[in-house]
*Asks:* 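So that we are looking at the same thing, I have put the structure below in structure tokens.
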There are 2 protein chains.
Amino acid sequence: IDAEDVEAYHGLTREIHPADVADLIGLLREEERDALIAMLGGAIPSEVLAELDEDLREDVIEAMEPAKVAEAVMELDTDDAAFVLEDLDEEKQAEILALAPIEDRLALRAALDFEEDSAGRLMQREFFASPAFWTVGQIIDRLRGTEDLPDKFYEVFVVDPAFKPMGSVPLSTLLKSKRETVIQDIMSSRDMRTVPATMDQEEVAYLFEQYNLISAPVVDDADRLIGMVTVDDVVETVREETQEDMLALAGVEADTGLSDTVFETVRSRFSWLAVNLGTAILASLVIAMFDAAIGQIVALAVLMPIVASMGGNAGTQTLTVVVRSLATKDLTATNAARIVFREALVGFLNGLIFAVIMGALAGVWFFASGWGTEAAAINLALVVGVAMIINLLAAGLAGILIPIGLQRAGADPAVSSAVFVTTVTDIVGFFVFLGLAAAVLLPAAG
Amino acid sequence: IDAEDVEAYHGLTREIHPADVADLIGLLREEERDALIAMLGGAIPSEVLAELDEDLREDVIEAMEPAKVAEAVMELDTDDAAFVLEDLDEEKQAEILALAPIEDRLALRAALDFEEDSAGRLMQREFFASPAFWTVGQIIDRLRGTEDLPDKFYEVFVVDPAFKPMGSVPLSTLLKSKRETVIQDIMSSRDMRTVPATMDQEEVAYLFEQYNLISAPVVDDADRLIGMVTVDDVVETVREETQEDMLALAGVEADTGLSDTVFETVRSRFSWLAVNLGTAILASLVIAMFDAAIGQIVALAVLMPIVASMGGNAGTQTLTVVVRSLATKDLTATNAARIVFREALVGFLNGLIFAVIMGALAGVWFFASGWGTEAAAINLALVVGVAMIINLLAAGLAGILIPIGLQRAGADPAVSSAVFVTTVTDIVGFFVFLGLAAAVLLPAAG
């Protein structure tokens with residue numbers, strides 16, 4: 001690719017989709033990439049630019065001349081243009097915007113004024129709206145005559161005289177209708193969902209998924225139509241938001257990826273590991289409380305991680321299901337009490353099953369190793385069993401109450417729940433197991 | 001809602017979106033639900049049926065008469081109809097299909113013949129295709145005259161005489177073009193991605209996301225156009241597939257949810273916990289190998305869970321990032337070697353940082369507790385540090401090599417990786433820490 005063959009490159013990219021070109025650029029080494037940019041006269045085509053990975057795009061834009069960047073950005077719809085600009089630093093942004101024609105500059109400034117992750121950022125200002133009294137024929141003629149239409153659109157929004165959206169007509173319905181039909185007669189208000197520009201993109205994604213939307217009108221504070229969000233932007237949001245939850249549960253920051261440097265990665269993972277170190281130390285303080293018991297019965301040290309680890313896993317299972325259900329709004333205030341009870345019951349029942357299994361195993365193993373009498377073995381089995389039941393019950397409760405509590409407190413339940421849950425299961429696991437063992441076994445042994 | 005007021009219900013549902021009606025039905029108790037169905041003359045409207053939760057839909061269909069179900073199902077597009085039928089048992093399916101008109105029955109049978117999770121199941125058989133030589137005017141006239149069109153569609157597929165898709169034209173482009181324009185001149189083949197009916201839905205979702213598709217033609221083995229997939233079906237797939245990965249990492253079966261019974265939930269979580277019990281026992285066997293050392297130095301029992309837990313967390317971080325990157329195809333054979341090296345380096349560096357922190361803490365704490373001499377405390381600090389470095393390095397390597405290996409072996413990397421990774425970090429953590437301690441500290445202590 002990076003042979004200096006401009007013609008070959010252009011030939012290739014005419015046939016390849018911009019998204020694939022962007023992926024190919026991502027695979028190049030830095031020198032190759034810079035050579036490619038230089039070769040193409042200092043500019044990457046705008047559609048490829050929009051498809052590049054965030055980190056990569058920053059580097060590519062650094063390597064391009066501001067004038068070329070401005071030119072490329074102006075060719076894009078506002079949502080893609082804002083998307084390209086939002087990651088740049090203030091100075092660079094201003095430099096590029098200064099080079100843009102005045103109306104584009106104003107539109108982009110307005111887009112960038114909306115908060116990141118809001119519908120205002122996702123939306124494009126290009127859309128097609130029609131008054132309620134136009135006919136299908138009038139609209140088609142208008143569409144053929146107008147230049148400044150969005151690249152692609154899927155619905156005509158019908159607006160009232162105050163420019164408030166009243167309903168929408170899918171293009172397929174428009175095409176199926178006769179020229180004389182008045183748009184108001186075929187529009188549907190039930191299938192349209194109006195999105196305020198300030199709405200969070202997670203909320204927007206929920207609307208699209210719940211109502212199978214393809215596009216939605218975006219309105220300002222006065223309910224006036226100012227843009228539209230299309231489903232292709234939302235597909236990415238859906239994946240991103242779900243993946244953010246998944247990464248957050250594992251303690252990885254959401255905007256990190258494989259293209260970060262080693263140093264960035266070390267730093268982004270460090271904070272979670274540091275928090276984990278704190279909770280692990282807490283748990284080990286609990287163990288230290290019972291050092292005398294462990295010194296006398298080493299079997300306790302062997303068995304205690306099993307009780308704690310089962311609790312940790314059961315808690316994570318519940319937590320993951322709950323975080324997902326909160327995200328898809330299957331878990332609401334209406335059914336929360338029922339689900340809490342259900343998870344507690346599930347924890348208790350699984351605790352019972354594993355109490356029997358692990359209690360039996362521990363007892364037999366303790367006795368067979370010749371570490372104690374039959375009576376001591378039975379006592380140990382009981383201690384393991386009771387600790388298992390209590391810890392799995394605690395795991396179920398922590399797994400649901402902690403994320404619900406965090407959400408009520410206005411925090412993201414995916415981000416910090418996992419630490420709290422494993423802290424609870426570790427501490428409860430070690431404390432109950434060692435505490436019971438010290439109470440039941442030591443007097444017997446001593 | 002369940003007052004016997006049929007009129008009020010109909011009034012309500014005319015204004016409420018079917019998806020919301022479905023959610024409301026989901027919140028009803030069983031008796032209320034059955035009363036509602038009876039009240040509506042034994043049938044739930046077809047569009048609501050398609051939006052119901054799987055488990056719920058089964059119950060609702062059980063409560064409806066087969067003839068009413070057949071009637072409702074036939075009103076849907078083939079993809080939604082197949083979606084409603086696929087969860088029923090064979091007998092019920094046959095009963096309902098027998099009541100359907102012959103052509104619908106054949107179409108549905110064909111849809112159900114495709115494997116679950118394949119493009120053939122996602123697709124609908126209703127679509128609009130045009131030969132290459134038609135003009136925009138001809139197509140619009142045809143659209144106005146044809147009855148059997150899909151409910152909504154977004155593109156016209158252009159086909160050659162053998163009915164192979166050549167390209168597509170978004171409806172917005174069609175509307176912007178003059179009546180005389182020949183369709184071939186405005187069609188794009190670059191922006192169209194043809195989907196074989198046998199393609200896995202995860203793959204389909206990837207295509208839609210990568211190329212910002214709204215709809216795509218589905219072809220049979222001979223590359224003939226047989227249907228289309230639309231983006232609304234894909235949005236759900238994207239969320240489902242990502243969530244499946246998230247749930248799988250936590251050891252929860254994908255098709256379980258809050259509406260399962262307690263018994264189903266206990267069973268579905270049991271198997272993962274049982275596997276975890278097995279690996280926890282393995283880890284405890286490692287601990288048991290060093291029971292003499294623990295008996296002599298109880299501090300080891302206090303510190304060993306910290307080393308293991310840090311490894312487990314670091315491994316899970318890497319694993320989650322890798323599973324996500326495999327799903328989004330950011331991690332491929334091309335860059336695998338580089339990323340493996342990178343993760344190993346990140347593991348090593350974080351290991352180094354935490355080795356210093358934890359080694360220092362452990363040494364100070366050991367000495368301050370008066371458990372040993374200064375020399376023993378320094379030795380303990382060194383042992384903790386080295387164990388930490390080795391375990392975090394192992395965690396990084398396991399976190400990436402295990403999912404990559406599983407994927408190469410044809411398994412789903414999300415499903416079983418987590419067990420393997422934590423098994424590795426537990427065993428390595430305990431073995432290295434206790435082994436080093438036994439080798440370094442015991443002779444010194446003894």
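A, B, ... follow the sequence lines: proteins, then strands. Residue 1 opens every chain.
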*Asks:* Does any backbone or side-chain atom of B/Ile353 lie under 4.5 Å from a heavy atom of chain A? Answer side chain, backbone, both or neither.
*Replies:* side chain

*Asks:* Determine the option with the most heavy-atom pairs under 4.5 angstrom with chain A, choosing from B/Ile214, B/Thr173, B/Leu213.
*Replies:* B/Ile214

*Asks:* Between A/Tyr154 and chain B, with a heavy-atom cut-off of 4.5 Å, which part of the residue counts as in contact: side chain, backbone, both or neither?
*Replies:* side chain

*Asks:* Between A/Val302 and chain B, with a heavy-atom cut-off of 4.5 Å, which part of the residue counts as in contact: side chain, backbone, both or neither?
*Replies:* both

*Asks:* Between A/Val266 and chain B, which part of the residue has a heavy atom less than 4.5 Å away: side chain, backbone, both or neither?
*Replies:* both

*Asks:* What part of B/Phe354 gets closer than 4.5 Å to chain A, counting heavy atoms only: side chain, backbone, both or neither?
*Replies:* side chain

*Asks:* Which residues pass the side-chain hydrogen bond (donor to acceptor under 3.5 Å, both in side chains) test with B/Asn313, not counting sequence neighbours?
*Replies:* A/Trp272, A/Asn276

*Asks:* Can you tell me which of B/Pro170, B/Ala280, B/Ser172 forms the most heavy-atom pairs within a distance under 4.5 Å of chain A?
*Replies:* B/Ser172

*Asks:* Taking atom CZ of B/Phe290 and atom CZ of B/Phe430, what is their separation to the nearest 0.5 Å?
*Replies:* 11.5 Å

*Asks:* Need one label for A/Ile139: side chain, backbone, both or neither, based on atoms under 4.5 Å from any heavy atom in chain B.
*Replies:* neither

*Asks:* Considering only heavy atoms, which portion of A/Val419 lies under 4.5 Å from any heavy atom of chain B: side chain, backbone, both, or neither?
*Replies:* neither

*Asks:* Given A/Thr265, which of B/Asn350, B/Leu349, B/Val346 fulfils the side-chain contact (heavy atoms from CB on, under 4.5 Å) condition?
*Replies:* B/Val346

